[in-house]
K.L.:
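Below is the structure I would like to discuss, written out as C-alpha cells.
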Amino acid sequence: VPADNKLNISNWTTQLRKGVLELCIVDLLAKGELYGYDLVKQLAKIKGLVVTEGTVYPLLTRLKKAGLLETHLVESPSGPARKYYALTREGRKSRKLMNDYWRELVEGIDTLSGDKK
Amino acid sequence: MMEKWTAETEQALEDYLAEVEHCALNKGDEAAEIVSSLREHIINETEEIAGEVVTLDHLRRILAAVGTPESVIGVEEKSSGEAEDEIDPAPVTFPPPMGKQDLAKRPRTLSVGCVVVAIILGAPVALFLLAIIVLLTFRVSSQADVSKMSLLQNTRNGLHSLANLEEKFKAAKVRDDNDDGIGDYGSLVELNEFDLSTVDSATRRSAYAFTIRVSPGTDSTEPGFLITAAPTWLDLDEDLPVLTIDQTGEITDSQMGPTAKAIPSPPQKSVESRTIADLNLIARAQEAFRRGIFLDKNEDREGDYGTLKQLASSPANLLSAEFIPGNPMHGGMVVYQYDFSMVVAAGTADEEPSFFCIATPRSASMGFRSFFVDQTGVIRYAEDGAPIGEDSAVLYSTDQGEIEALDFEDVP
C-alpha cells in the first residue's frame, strides 16, 4: 500500500465478511433445510457478520446459481409461499472443502501470532 | 396480509423494490428472485405489527434493517471477490470524457480517412481495417447512448427516492410551520438530517445536482415541494434535460437554462464539465464528512470539514483516492488538466466550520476556466487566470426559466 493510502478497512472487512458469510450459510444449511427468513435472522445474530439483512439474499441467489444451494416453495397459511433453502450434493462437497481450508487458515494464523505452538 | 397496509406504504414498498430491481439488473444479478425474497422478508417483518396498520414509519424501520437498494446490491457486489481496487471504491462513476457530439462525428471522420488509405494502398487489408474501425466506432457511440440512458434512469430513481422521503418527512411532522397538525415538506438540509443514507444513495451516484424548494402549508393551501435535478455532466449531449418532481410524484423534463448552455464547445466543454462534476462530488463528500463527525477539532459534536486526503481516507470512502495530490492514482487528474486545492477552517464557538475548494487549470494556455465551490455548494468560475473566490461569477444556478416562475419559497 503506497504511503499516501491507508489500508481501506471498509473494503477489507467487506471482502472478509463475504467469504465468512458463505461459510456460515453452508454450515447452517448442513443441519437441514431452512426458511430463507429464518436463515437471515440467524445470521444477523452474529455480530459484525451481516451489516444489513437484505444483503444476504443476493448472496443466496448467487450460491444457488453456482449450484451449491437449491430452493423449494412451501405454502403458507398466512402469506406468500415460503422459500426454503437446502444444500445440494455439490454444496455439501464445497462445504467440506471450505471448512477444511478455514481450519487450516485459522491454525496457521494462530501459529503465526503465537497463540498456538 | 396486504390489506393491513396503507396505500402510501404499499407504494413506498413497491418503489423500494423497484429500485432494488434496477440495481440488481445493473449488476447482472437475478433481480426477480432477489426482489421476491426481499418482499417475503419484509412482509414477515410486518407480522410483528399484530393488529396494526402498516404505516410508512413501520416500513421505514424495517427497511433500515434490510438496507438501502444500493447497499443490498452494491455492498454485496463489492464483496463478490471480483477484481477490486483496494484504494478506490469511487462513489460516483462518470462516463468517459467524450461528448456524444464527438462520437457522432467520429465515424464519418474515420471512415473518410480509411477510404483514402484503401485507395492509396489499394489493398484489401485497408478495407478490412475500415470495417473494424467502423464497427468499433459504432460500439463506442452505442455505449455513449447507454451511459446517457443510465444516467437519466439513475437520476429519475433518485428523484423518486427523494419524493418518497419528502412524504415520510411530512408524515413524521418534523416541520409544521402553521401548527395545523399537518406536516410540511423539508429542505435538502432537513432531509439530510432526517435520513442521510437515503439522501446520499439518491444523489451520490448521479452526475446531476439536486436542489429542493418547499412551500409550507397555509390555512388555504396544501404544502408542496419541487425537487430539481440539473445536469452537471454537460458534454454527453447538448439537450440533457433538467428533471423535476413535485408532490404529485410526476417527473417532468425541461431544457437547461442559458447559463448551463454557455459552457464552451469541446474539448474545453468536456474538460470543464468533468471538473464541475468533481467539485459537486467534493461538496457532497464534505457535507457527509461533516455530518458523520469524522473530524471534530473543538469537540463540540459538530463535525468539521476535511482535507482532500481526509475525505479520501475516511472509513466511509467519501472520495476517490485519485483526488489526493501525490497519490499514484492522481495521474488520472492529468487527463483533464486540473489541480484541486482545498482550504478548511474548523468550527469555533463563534464560527461555523467552512471550506472552499478551487480547481485550477494546470496550463493557462489551454484557456480553461478556474472553478470554486464552498460549503454553500454553489459553483463559481473565473476566466483568463483571474482571482477566484466567493464573490466570483456563479456558474450554475437552477433559479432560471420555468423553475423560477414557480412562486415557491427558497430554502437553502
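Treat the numbers as computed from the prediction; the structure is a model and nothing was measured. Naming convention: chains lettered A, B, ... in sequence-line order (proteins, then strands); numbering from 1 in each chain.
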K.L.:
Measuring from atom CD of A:E53 to atom CD1 of B:I62, what distance do you get when rounded to the nearest 0.5 angstrom?
P.N.:
10.0 Å
K.L.:
Could you walk me through whether B:E40 and A:Y35 pass side chain to side chain donor-acceptor pair (under 3.5 Å), step by step?
P.N.:
CA-CA 11 Å; B:E40 201 178 319; A:Y35 176 37; 3.0 Å; yes
K.L.:
Which answer fits A:A81, side chain, backbone, both or neither, if we ask what part of it has an atom under 4.5 Å from a heavy atom of chain B?
P.N.:
backbone
K.L.:
Once rounded to the nearest 0.5 Å, what's the spacing between atom CD1 of B:I34 and atom CG of A:L59?
P.N.:
10.0 Å
K.L.:
Hey, mind stepping through A:K41 and B:E45 against salt bridge (Lys or Arg N to Asp or Glu O under 4.0 Å) and telling me if it holds?
P.N.:
CA-CA 11 Å; A:K41 286 294 175 185; B:E45 292 286 36; 2.6 Å; yes
K.L.:
Relative to chain B, which of A:T52, A:L60, A:T71, A:L21 shows the most heavy atom pairs under 4.5 Å?
P.N.:
A:T52
K.L.:
If you round to the nearest 0.5 Å, how far is OH of A:Y57 from CG of B:L38?
P.N.:
7.0 Å
K.L.:
Measure distances from B:S36 to the heavy atoms of chain A and classify the residue's part below 4.5 Å as side chain, backbone, both or neither.
P.N.:
side chain
K.L.:
What's the verdict on salt bridge (Lys or Arg N to Asp or Glu O under 4.0 Å) for A:K64 and B:E33, showing C-alpha distance, side-chain angles and the deciding distance?
P.N.:
CA-CA 11 Å; A:K64 182 186 166 191; B:E33 182 158 2; 3.0 Å; yes
K.L.:
Heavy atoms only: give me the nearest A:G54-B:V72 pair and the separation to one decimal.
P.N.:
O-CG1, 3.4 Å
